[in-house]
Amino acid sequence: MNRSTFSRSAQLLCVAGLAAALAACSGQPQSPADATPAQAPAAEAPAISLIPLPAIAVPGEGRFVLSPATPLLADGDAARTVAGQFAALVAKGLAVEPRLLDGTDADGAEAKGAIRFSIDPSRAGAGAESYLLEVTPAGVIVSAGDAAGLFYGAMSLAQLATVDDAGAVSVPAVRIEDAPRFAWRGFMMDPSRHFWSVDQVRQVIDAMAMHKLNTLHWHLTDDQGWRVEIKQYPKLTEIGGCRIPAGDGGIEPSTGKPRQYCGFYTQDQVREIVAYAAARHITVVPELNQPGHATAAIAAYPELGTTDQKLVPSSEWGVFPNLFNTEESTITFLENVMDELIPLFPGTYLHVGGDEAVKDQWEASARVQERMREVGAKTEMEMQSHIVARLQKYLAAHGKRLIGWDEILEGPMPAEATVMSWRGIEGGLKAAREGHDVVMTPSSDLYLDYLQTHSPDEPPGRPATIPMRQVYDFEPVPKELEESQRHHILGLQANMWTEHTRTFERLQHNVFPRLAAVAETGWTPKERKDYAGFLRRLPDQLERYRHWGVGYAQTPFQVDATAEHDRKAGTATVTLESPLAYEVRYTTDGSEPTASSTLYKAPVPVTLPAQLRAAAFADGHALATARTHTYDATSLLTRTDEQLATCPDAGRLLLRLEDDGPADGERAIFNTTIFYPCWQWNGADLDGVASMKVRAGKIPYYFQLAHDEPARRFEPARSAHGELDIHADGCGGERIASVPLPAKPGADGFVDIVAELPQGVAGKRDLCLRFTGDTRPTMWVLDRATLQLR
Ligand code: ACM
């Protein structure tokens, strides 16, 4: 998208967290904070279109033109580094490389039309990471009290640069005074479940820097993989760094032999990544998870485990019973690992996990019970706290601080420990009230492995949808928290767990652009946040993603459709929706929608067969490729798993899961509840219907449910391989069809099951569709159901 923002520069964007400047900012047009997204994004992007929104930005007149001849001047080494980073970024994203001058060239005529970077000690009072950016048509000055601030000033400058239709690069005149709201602006990456290469980690770091995020939490150890070289314990990566994917995905197609999935970072690679991040003012916080999520480590060194059971790094997901034992020798192991991690990670914190450590093995172990008596722990949680306290002491002695998941609050906790609140904000609230520092990362709002739209094009993940608005609206400082304790909220962090994320493209899809919303909450003064304005700025952010090679989700920018069918009349009424409520335009003649196509205002009546092509627009530009929605008499008789409801009593944990084969390439994806696989077609019109065809597949049942296991409810099978049962009026209603299932699906991974429906069953009925039998280690799942007419 080529953008000409100059004409908009008179529009004053003045956002202030730096209070003194607020008065000067009064009177400018502001979007109401509660503007509905339906109205908001249709408007133009503001002149100063940055994410995160700066604290104060006052547009000036004119533009500064950036060309290969533009001199970059830098005062001192730190400024020179930032100038070089700016030059590289602009060269990569905008294909124009300004000249970085050395000190002797930087005087006189050369300084005209220049961009000057300088560390200015007098700006230190504006706070860590703050900066001042002054752009006029005659030149640019970026100044800051520290190198991080200067870097963020350079990021803002690079992001403000746009290319016009003739290929000229320029920056709107502006004065930006900016500083972050929170000191911890984090993102968690999980290479334990699926491994991410050094280059992919670098790409994430680049994107974080662009969003002014400053903390990368690196989840290096878990049940499925130990991903960091520890020289004293080579088997951690030799054995703990490899697993076999579940089901067919774990079998080498050419040989039929197990297919290893391996990966770890050598210490040299860790050093390289940490340095790469540090150069972008990002601190890497490693996580050494204990006492649970320890299967891979125990598989490598069985003496670390609580039971004698032989373990392998798991190819399953969920909560495992496997805990480190409580021996002194195991604490020494953890200390030895920390001894190797500490020099690799120069930041303040080391994360010691602590989450989801169900205590069954400790309760059942006479030796652990004896250890509890030895250390004076009255409960297993106190035993866990004893270990946390030991680790805290060790870290403190090495100049480090401990951070852990909020479960560590359940036992006595060292005063110096910091809490990462993931099970909502309550843990964080409690911890802050008790005087602990806190990072807010509630799964309800900041887990980016949860899906972001209801589109059928979403990748696998957890489909409790967390749309953009919910991410944006998350407020890290609980209202209930007393003023005196608010300083304990260090900030927020988005987490990207990768159980269900097999490719980097999918990781980027889940993370971007929702991470932009996290970044704005982390950086922008609370009172200046504005969701409608964020959506207006978002298309420019997408353009930057394209310039800088950041993959992002298309689904929020595409148009979803649902249709109501009048079978007798041969018509349908189609409702179109842009998930982020951008303007929707559509065609019905098969042509590509443009900015002048029909504007969608209300559900569209169509006569079958019909085709709608629809796209979302902002500022006259399509935000993603148009989607084509085709309807005919047959298509409206079909519901996919995404379109069906889950049965009301299907319990928690609806997941969007992939088939396990083929080993590489495209696989089928299914929405299913893993406690009780059951789908419901509400209001199915059965008049004139003879049968239902159900297309079903099978996926590995690869879940460890720990204490939730008793909640699993598979209906008993009545024949060798179970049945597909169909009930009318919900699952408690009459069973109207039952078809025995085959042992396994066909070679394509699917089977079509045809269930004859009785003549007398007519009208609109809520059909319950479920598979009987406990078929673990696999599980039948529904792909689509089609009503077949007489
Ligand atoms: C977590 O999501 N188990 C921290």
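In listed order, ligands and their atoms are each counted from 1.
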Checking side chain to side chain contact (heavy atoms under 4.5 Å, CB included) between Arg506 and each of Thr501, Thr498, Asp449, which is the one that passes?
Thr501

Taking ring-ring contact (aromatic ring centres under 6.0 Å, His included) as the criterion, tell me which of Trp226, Phe324, Tyr233 meets it with Tyr301.
Tyr233

Among residues two or more places apart or on two chains, list those pairs meeting salt bridge (Lys or Arg N to Asp or Glu O under 4.0 Å) that have a residue in residues 180-196.
Glu129-Arg185, Arg181-Glu475, Asp190-Arg193, Arg193-Asp222, Arg193-Glu499

Has Arg401 got its NZ or CZ under 6.0 Å from the middle of the six-membered ring of Tyr349, at an angle within 45 degrees of the ring axis?
no

Under 3.5 Å donor-acceptor pairs involving side-chain atoms of residues 309-318, not counting sequence neighbours:
unit_1: Ser314; atom_1: OG; unit_2: Glu316; atom_2: N; d: 3.0
unit_1: Ser315; atom_1: OG; unit_2: Ile244; atom_2: O; d: 3.3
unit_1: Glu316; atom_1: OE1; unit_2: Gln704; atom_2: NE2; d: 2.9

Report every pair formed by an N or O atom of ligand 1 and a protein N or O atom separated by less than 3.5 Å, giving atom names and the distance to 0.1 Å.
unit_1: ligand 1; atom_1: 2 (O); unit_2: Tyr447; atom_2: OH; d: 2.6
unit_1: ligand 1; atom_1: 3 (N); unit_2: Asp355; atom_2: OD2; d: 2.7
unit_1: ligand 1; atom_1: 3 (N); unit_2: Glu356; atom_2: OE1; d: 3.2

Thr221: side chain to side chain donor-acceptor pair (under 3.5 Å) partners, not counting sequence neighbours
none

